Every structure is written in structure tokens, then in C-alpha cells.
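These figures come from a predicted structure and were not determined experimentally.
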Amino acid sequence: MAVREHPKSHFALFVGFIQVALVLMLCCLVIWVCLAPKCPSFTVTSFYIETLTDNLTSSHTFALRNTSIVLDLQVLNPNKKKSILYGETDVSVFKNGGMVGAKILPPFYQGQKSNISCQVLMNVRKQDREGASSGVVDFMLSLETVVRYEILGWKTRQHHLLFEGHVRVGLDGRLLDNKNVKLEHESNKQQQKNGHFHL
């Protein structure tokens with residue numbers, strides 16, 4: 001005599017499958033949140049460029065000589081249990097849309113939850129002269145690099161990062177009011193627009 005399977009058993013099996021799938025999805029989400037790395041941050045703590053101030057006219061004049069730019073960068077890795085491997089890092093300084101100087105930093109490694117300070121020395125590529133009646137000259141600093149995150153011995157794919165920031169300099173060639181300048185993460189803006197971050 002054949003035994004007919006009750007329809008409710010199919011429904012219970014389906015509900016059980018859905019519950020298991022939801023639990024697995026939740027576990028994957030928790031693991032992704034725990035492993036997803038945070039981007040490093042770059043802050044300009046010091047900036048100096050030799051300047052020439054002409055006080056013979058009513059308006060101050062700012063000029064770049066054939067000299068060097070010296071700036072100090074503080075690099076922060078905010079990740080716990082995640083190290084960062086940096087490729088070559090391109091640091092460039094612009095004024096009025098034109099490049100003033102550039103420097104390529106060699107690859108380096110940064111441990112988890114740590115700060116690194118480095119000094120960048122670059123030659124000024126051109127002479128420039130600008131009226132600065134307000135006593136302030138604006139530079140744009142761009143930093144571009146490629147990183148890989150090391151998580152529990154596993155390295156992620158390469159991530160291209162771009163940071164930019166406005167550096168305001170007084171007629172003495174130093175940071176205005178000695179205020180640190182944290183560079184803004186342009187790549188993060190694009191990722192927020194896309195709504196995702198790939199490992």
C-alpha cells in the first residue's frame with residue numbers, strides 16, 4: 001500500500017531551507033563587515049617653500065624660486081589586524097592649475113593600527129609670481145597610490161587611491177596658522193556613489 005506524503009512536509013522543508021539560507025547570508029554579511037578594510041588617511045603636518053616677498057609695492061608679491069618644497073606627511077592605518085602594503089606613491093603640488101613640483105615615494109609597508117611620519121622633498125619645477133594682497137597663497141596637493149590590504153595572511157587585490165587637499169601658505173612659505181591639512185579621499189567619494197567596496 002503506497003503512503004502519500006503530506007503537503008505540509010514540503011512546506012516545512014521549504015521554510016527550513018529559507019531559514020538556513022538567511023542564517024548563511026547573515027553570517028556572510030558579518031564576516032564581510034569585519035574584514036572590509038578602511039582606507040588609510042594622509043595629513044600634511046608641515047609645509048615649507050622658500051619665498052620672496054616684495055614689500056616695495058602696495059600689494060604683496062609671492063614668488064617661487066628655483067628651490068625645494070619640504071613637507072611632512074602623517075600616514076594613519078586605522079585598521080585593526082589589517083596591514084597595508086603601499087606601491088609607489090606619487091605626491092604632486094599644483095598652483096593655478098600648473099604643477100609646481102612632484103615626488104615619487106618608494107613602496108613601503110605599514111603595520112596594523114599605526115602611524116608613520118615621512119618627509120617629502122621635491123624641487124620646484126618653475127618660477128611663478130602672483131599678487132597676494134591677502135597674504136595667502138593656495139596650493140593643491142595631490143597624492144596617488146596603490147595599496148593592498150593584508151588580512152590574516154591573505155592579501156586583497158590592488159586598490160587605487162587618490163587624495164587631494166588645499167594647502168594654504170603664508171608669505172613666509174609655511175602653513176597658514178600652522179594648521180594641519182588632512183587630505184580628502186577622492187576614491188572614497190566614488191565608492192560611496194557606487195554603494196560598495198570590493199575586497
Side-chain angles (χ1 to χ4, degrees), residues 29-49 68-124 136-170 173-199:
L29 179 62
V30 171
I31 293 174
W32 182 85
V33 170
C34 293
L35 293 181
K38 298 178 182 178
C39 288
S41 67
F42 295 84
T43 302
V44 180
T45 59
S46 175
F47 186 100
Y48 176 71
I49 180 169
S68 300
I69 297 175
V70 183
L71 61 94
D72 292 329
L73 279 175
Q74 184 180 69
V75 187
L76 169 66
N77 176 9
N79 297 288
K80 293 181 179 179
K81 300 181 180 180
K82 301 177 185 70
S83 304
I84 303 178
L85 295 90
Y86 297 83
E88 289 187 341
T89 301
D90 187 1
V91 183
S92 303
V93 177
F94 299 86
K95 187 167 83 73
N96 296 332
M99 181 179 289
V100 173
K103 180 74 173 183
I104 296 179
L105 304 180
F108 63 97
Y109 170 86
Q110 185 174 21
Q112 54 186 298
K113 202 70 177 177
S114 62
N115 276 293
I116 293 178
S117 296
C118 59
Q119 189 173 83
V120 182
L121 174 64
M122 63 180 71
N123 294 324
V124 173
V136 178
V137 179
D138 290 318
F139 291 93
M140 169 65 75
L141 193 146
S142 172
L143 186 148
E144 193 170 2
T145 188
V146 174
V147 302
R148 297 180 70 183
Y149 300 95
E150 188 175 35
I151 306 171
L152 302 176
W154 170 70
K155 295 182 179 66
T156 67
R157 67 176 181 85
Q158 290 186 337
H159 296 269
H160 173 260
L161 302 178
L162 173 62
F163 295 81
E164 291 182 343
H166 291 279
V167 178
R168 308 194 77 195
V169 176
R174 301 182 186 277
L175 282 177
L176 196 65
D177 298 328
N178 293 318
K179 291 183 178 179
N180 293 348
V181 178
K182 185 174 181 180
L183 303 184
E184 188 174 0
H185 182 199
E186 296 295 321
S187 302
N188 190 45
K189 280 185 178 180
Q190 188 61 41
Q191 287 167 1
Q192 289 177 353
K193 289 179 181 179
N194 295 336
H196 60 269
F197 190 101
H198 295 295
L199 291 177

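Val75 approaches Tyr86 most closely through the heavy-atom pair CG1-OH, 3.4 Å. The nearest pair of heavy atoms linking Ile84 to Pro40 is CD1-CB, 4.0 Å. In terms of heavy-atom proximity, Lys95 sits nearest to Asp138 at CG-O, 3.7 Å. Heavy atoms only, all atoms of each residue included: Ser92 and Met99 are closest at OG-CE, 3.9 Å. Scanning both residues, His166 and Val181, for their nearest heavy atoms gives O-CG1, 3.4 Å. Minimum interatomic distance between Val91 and Met122 (heavy atoms only, all atoms of both residues): O-CE, 3.8 Å.
For the atom pair NZ (Lys103) and CG (Leu71), the distance works out to 11.0 Å, reported to the nearest 0.5 Å. Taking CG from Leu161 and OG from Ser41, the interatomic distance works out to 11.5 Å, rounded to the nearest 0.5 Å.
No donor-acceptor pair closer than 3.5 Å links the side chain of Asn77 to the backbone N or O of Ser114. Listed for the Arg148 side chain is a donor-acceptor partner under 3.5 Å among the backbone atoms of Thr156.
Taking the ring centroids of Tyr149 and His159, they lie under the 6.0 Å cut-off.
Every residue was checked against the salt bridge (charged side-chain N to carboxylate O under 4.0 Å, His left out) condition with Lys113, not counting sequence neighbours, and none meets it.
Checking Asn79 against Gln112 by side-chain atom types alone, no donor-acceptor pair falls below 3.5 Å. Judged by distance alone, the side chains of His185 and Glu164 never bring a donor and an acceptor atom under 3.5 Å apart.
When each of Asp72, Leu73, Asn178 is tested with Thr45 by the rule side chain to side chain contact (heavy atoms under 4.5 Å, CB included), just one qualifies, namely Asp72.
Contact annotation: the side chain of Glu184 approaches that of Glu186 to within less than 4.5 Å [non-hydrogen atoms, C-beta and beyond].
Using cut-offs of 30° and 60° on the angle between ring planes, the pair Phe47 and Phe139 is tilted.
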